[in-house]
**Q** 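Take this structure first; my questions come after.
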Amino acid sequence: MASSKDIYNNLQTSLSHALDFFYPLAGRFVTKKYEDEHSCSIFLDCSKGPGARLIHASALELSVADVAETSTDVPLVIQSFFDLGERQVNHDGHTRALLSLQLTELADGFFIGCCINHSVGDGTSLSHFLNILSHIFISGAETTHVSRPPVFELPRSISESYPTLKLPFMEENEFITRFNESHLLRDRIFHFSASSMAKLKAKANTGAKNMLSTLSSYKALCGLIWKAITRARKLSCDEDTKFILTVNIRPRLNPPLSPDYFPNSVVLAIATAKVGELLTKDLGWATMLIHQQVEAVDDGTARKALVLSPGKSPIVEPPGHISFGANPVVMGGSPRFDFYGADFGFGKPVAVRTGYTNRDDGKLTSFPAGCLGLNSVDLQVSIENMNELLLDEEFMSHVSSASKS
């Protein structure tokens, strides 16, 4: 095996060449102020700043097995495997790198932590970038062609509708809030095999009845964890709870965007229910609520979410889930992201983990499951009521044994 220094040097060179294709990730944000309107606009300058960031670190007291362990909580030390600085938010892209990689050497392997500014790209973008970077790493840094170059230009029919967005603020402290992380949060990985996902799908569709379309196994998983977390929170029956799911709008616009369109292209589908009704109804009912909200995201609703209506001011969302109201459950990630395809020549990745920006009470991140094969799912759950969730019989009956041992 090559030395860690050789691997780092190769990664450094490969990153430099990858940025020839993903050039916006080497830039910085720039703010233009309109003092007479007390407003500002934020742009991406692709030539400003020192570029992307690459770090070499070591944690030789830890093994790959320590990091990939799923029978206990996700070790907090993994948070240090990402270049997260001083709890950065997207606005920090004015002075901090929009993309950073950290190569952490373990006792018997490596962890590659990647951070991307969410104002520039989304999970689809990150998966795309990592796969191209790994291809360049293996093929050689002189690679001048990649099979799926990123697309940055919008179709004219869409770009012509985009106004120059002006935020009704002048100074950062008027609209930027920082993370306020709870020390009570616990994170855990739950595995769902292809067989378990199929059973969930069948159960949800049986419960929904009279369906004109089939509920997917992934939406059934969303319904399952929504009900389980709501039970774990022990809420009053008359309280509201929400399930929020990110939806990729690339194929939903008309004309559709290229699947390799890089900029952030997600909107939120939000299902709302009374706690009492959610917990007394079956899995099919909860899954149907989520399904209806996802299916409602079409060309028209996507454009409304992305393009401001006349007289409507843009909204700046705080970090975390403050803006979602009480009792949210938020699903991020996707089993469709090909993170396990990012093979840097050391074999298939053993595990995928996330950094602190995916930690909030009720925050979920889904991945394709590396250990259980095709059509299986890994779900990282961040929640204060973890003990109660682990005792939830309905939820745990669908979790595969790899999570319970």
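Every heavy atom of this structure was used, including side-chain atoms; hydrogens, water molecules and symmetry mates were not. The first residue of the sequence shown is numbered 1, and numbering continues consecutively from there. Remember, it's a predicted structure, so these values are computed and weren't measured experimentally.
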**Q** Is the shortest side-chain N to carboxylate O distance from Arg252 to Asp299 below 4.0 Å?
**A** no
**Q** How long is the gap from OG1 on Thr354 to CD1 on Ile189, to the nearest 0.5 Å?
**A** 7.0 Å
**Q** Roughly how far, to the nearest 0.5 Å, is the CD atom of Gln293 from the CD1 atom of Ile244?
**A** 11.0 Å
**Q** So does Asp66 get a backbone contact from the side chain of Glu69, meaning a donor-acceptor N/O pair under 3.5 Å?
**A** no
**Q** Between Arg233 and Glu388 (salt bridge meaning N to carboxylate O under 4.0 Å), is one present in this structure?
**A** no
**Q** Please check if the side chain of Glu239 supplies one atom and the backbone of Ser236 the other of a donor-acceptor pair under 3.5 Å.
**A** yes
**Q** So, taking the atom named CE in Met331 and the one named CD1 in Ile225, what distance separates them when rounded to the nearest 0.5 Å?
**A** 7.5 Å
**Q** Run the numbers on Val30 and His94 for side-chain contact (heavy atoms from CB on, under 4.5 Å), then give the verdict.
**A** CA-CA 6 Å; Val30 175; His94 285 77; 5.6 Å; no
**Q** Thr95 versus Arg28: any side-chain heavy-atom pair under 4.5 Å?
**A** no
**Q** Return the orientation label for the Phe152 and Phe262 ring planes: parallel under 30°, perpendicular over 60°, tilted otherwise.
**A** tilted
**Q** Are the charged groups of Glu172 and Arg178 less than 4.0 angstrom apart, N to O?
**A** yes
**Q** Quick check on the 6.0 Å ring-centre criterion: do His128 and Phe22 meet it?
**A** yes
**Q** Taking the six-membered ring for Trp, are Tyr8 and Phe110 ring centroids under 6.0 Å apart?
**A** no
**Q** If you look at every heavy atom in Met170 and Ser39, which pair is closest and at what distance?
**A** SD-O, 3.5 Å
**Q** Quick check for you: to the nearest 0.5 Å, what is the distance between Lys32 atom NZ and Ile42 atom CD1?
**A** 13.5 Å
**Q** Hey, does Leu15 have a side-chain heavy atom less than 4.5 Å from the side chain of Gln12?
**A** no
**Q** For the backbone of Val89 and the side chain of Asp92, can you confirm whether one donor and one acceptor N or O come within less than 3.5 Å of each other?
**A** yes
**Q** Does Glu37, at its CD atom, have more than 12 non-hydrogen atoms belonging to other residues, nucleotides or ligands within less than 6.0 Å?
**A** yes
**Q** I'd like to check Val67 versus Ile78 (side-chain heavy atoms, cut-off strictly below 4.5 Å). Are they in contact?
**A** yes
**Q** Start with the C-alpha gap between Val329 and Leu364, add the side-chain angles, then the distance that decides, and say whether side-chain contact (heavy atoms from CB on, under 4.5 Å) holds.
**A** CA-CA 7 Å; Val329 179; Leu364 318 170; 3.6 Å; yes
**Q** Are any side-chain N or O atoms of Ser80 and backbone N or O atoms of Val77, one a donor and one an acceptor, separated by less than 3.5 Å?
**A** yes
**Q** Is there a donor-acceptor pair closer than 3.5 Å between any side-chain N or O of Asn264 and the backbone N or O of His118?
**A** yes
**Q** Counting only N and O atoms by type, is there a donor-acceptor contact under 3.5 Å from the side chain of Thr287 to the main-chain atoms of Leu283?
**A** yes
**Q** Could you pull out the closest heavy-atom pair between Phe346 and Asp343, with the gap in Å?
**A** N-OD1, 3.5 Å
**Q** Working note: Ile7 + Phe344, criterion side-chain contact (heavy atoms from CB on, under 4.5 Å); need CA distance, chi angles, decisive distance, verdict.
**A** CA-CA 10 Å; Ile7 292 172; Phe344 285 82; over 6 Å; no
**Q** Kindly compute the distance separating CG (Leu389) from CE (Met396), expressed to the nearest 0.5 Å.
**A** 7.5 Å
**Q** Let me know which of Gln380, Arg188, His191 forms a side chain to side chain contact (heavy atoms under 4.5 Å, CB included) with Thr70.
**A** His191
**Q** Do Asp282 side-chain atoms and Trp285 backbone N/O form a donor-acceptor pair below 3.5 Å?
**A** yes
**Q** Output the distance between atom SG (Cys237) and atom CG (Leu279), rounded to the nearest 0.5 Å.
**A** 7.0 Å
**Q** Between Asp187 and Arg353, is there a salt bridge with N-O shorter than 4.0 Å?
**A** no
**Q** Leu126 versus Cys114: any side-chain heavy-atom pair under 4.5 Å?
**A** yes
**Q** Quick check on Glu153: does its CD atom have over 12 non-hydrogen neighbours (other residues, nucleotides or ligands) under 6.0 Å away?
**A** no
**Q** Measure across Gln102 and Ala57 and return the closest heavy-atom pair with its distance rounded to 0.1 Å.
**A** NE2-CB, 3.8 Å
**Q** Answer with yes or no whether the side chains of Glu174 and His38 bring together a donor and an acceptor at under 3.5 Å.
**A** yes
**Q** Within a strict 4.5 Å, meaning less than it, do heavy atoms of the Leu200 and Tyr218 side chains meet?
**A** no
**Q** Please evaluate residues Arg186 and Asn385 with respect to the criterion side-chain hydrogen bond (donor to acceptor under 3.5 Å, both in side chains), reporting the C-alpha separation (whole Å), side-chain torsions for both, the decisive distance (0.1 Å), and the verdict.
**A** CA-CA 8 Å; Arg186 293 171 57 188; Asn385 306 86; over 6 Å; no
**Q** Taking all non-hydrogen atoms of both residues, which atom of Ala194 and which atom of Ser376 are closest, and how far apart?
**A** N-CB, 3.8 Å
**Q** Quick one: sort the Trp226 and Phe243 rings into parallel, tilted or perpendicular, breaks at 30° and 60°.
**A** tilted
**Q** Taking the six-membered ring of Tyr34, is NZ or CZ of Lys166 closer than 6.0 Å to its centre and within 45° of its axis?
**A** yes
**Q** A side-chain contact here means heavy atoms from C-beta on lying under 4.5 Å apart; do Phe192 and His398 qualify?
**A** yes
**Q** How close do Phe337 and Ser127 get, heavy atom to heavy atom, and via which atoms?
**A** C-OG, 3.8 Å
**Q** Is there a donor-acceptor pair under 3.5 Å between the side chain of Asp108 and the backbone N or O of Val64?
**A** yes
**Q** What heavy-atom pair brings Ser400 and Ser196 nearest, and what distance separates the two atoms?
**A** OG-CB, 4.4 Å
**Q** With a 4.5 Å cut-off on side-chain heavy atoms, are Asp122 and Ser265 touching?
**A** yes
**Q** In terms of side-chain geometry, is the basic nitrogen of Arg231 or Asp392 positioned less than 4.0 Å from the acidic oxygen of its partner?
**A** yes
**Q** Run the side-chain hydrogen bond (donor to acceptor under 3.5 Å, both in side chains) check on Tyr23 and Ser47 step by step: do they pass?
**A** CA-CA 9 Å; Tyr23 56 88; Ser47 61; over 6 Å; no
**Q** Give the C-alpha distance, both sets of side-chain angles, the deciding distance and a yes or no for side-chain contact (heavy atoms from CB on, under 4.5 Å) between Glu295 and Lys219.
**A** CA-CA 11 Å; Glu295 290 304 300; Lys219 290 171 185 169; 3.3 Å; yes
**Q** Any sub-3.5 Å donor-acceptor pair from Asn10's side-chain atoms to Asp6's backbone N or O?
**A** no
**Q** Is it true that Lys5 and Glu105 have a side-chain N and a carboxylate O under 4.0 angstrom from each other?
**A** no
**Q** Given Lys274, which of Asp240, Thr280, Thr241 fulfils the side chain to side chain donor-acceptor pair (under 3.5 Å) condition?
**A** Asp240
**Q** Is the shortest heavy-atom distance from the side chain of Leu268 to the side chain of Thr246 under 4.5 Å?
**A** yes
**Q** Using modelled atom types only, decide if a donor and an acceptor are shared between the side chain of Ser258 and the backbone of Asp260 within a distance under 3.5 Å.
**A** yes
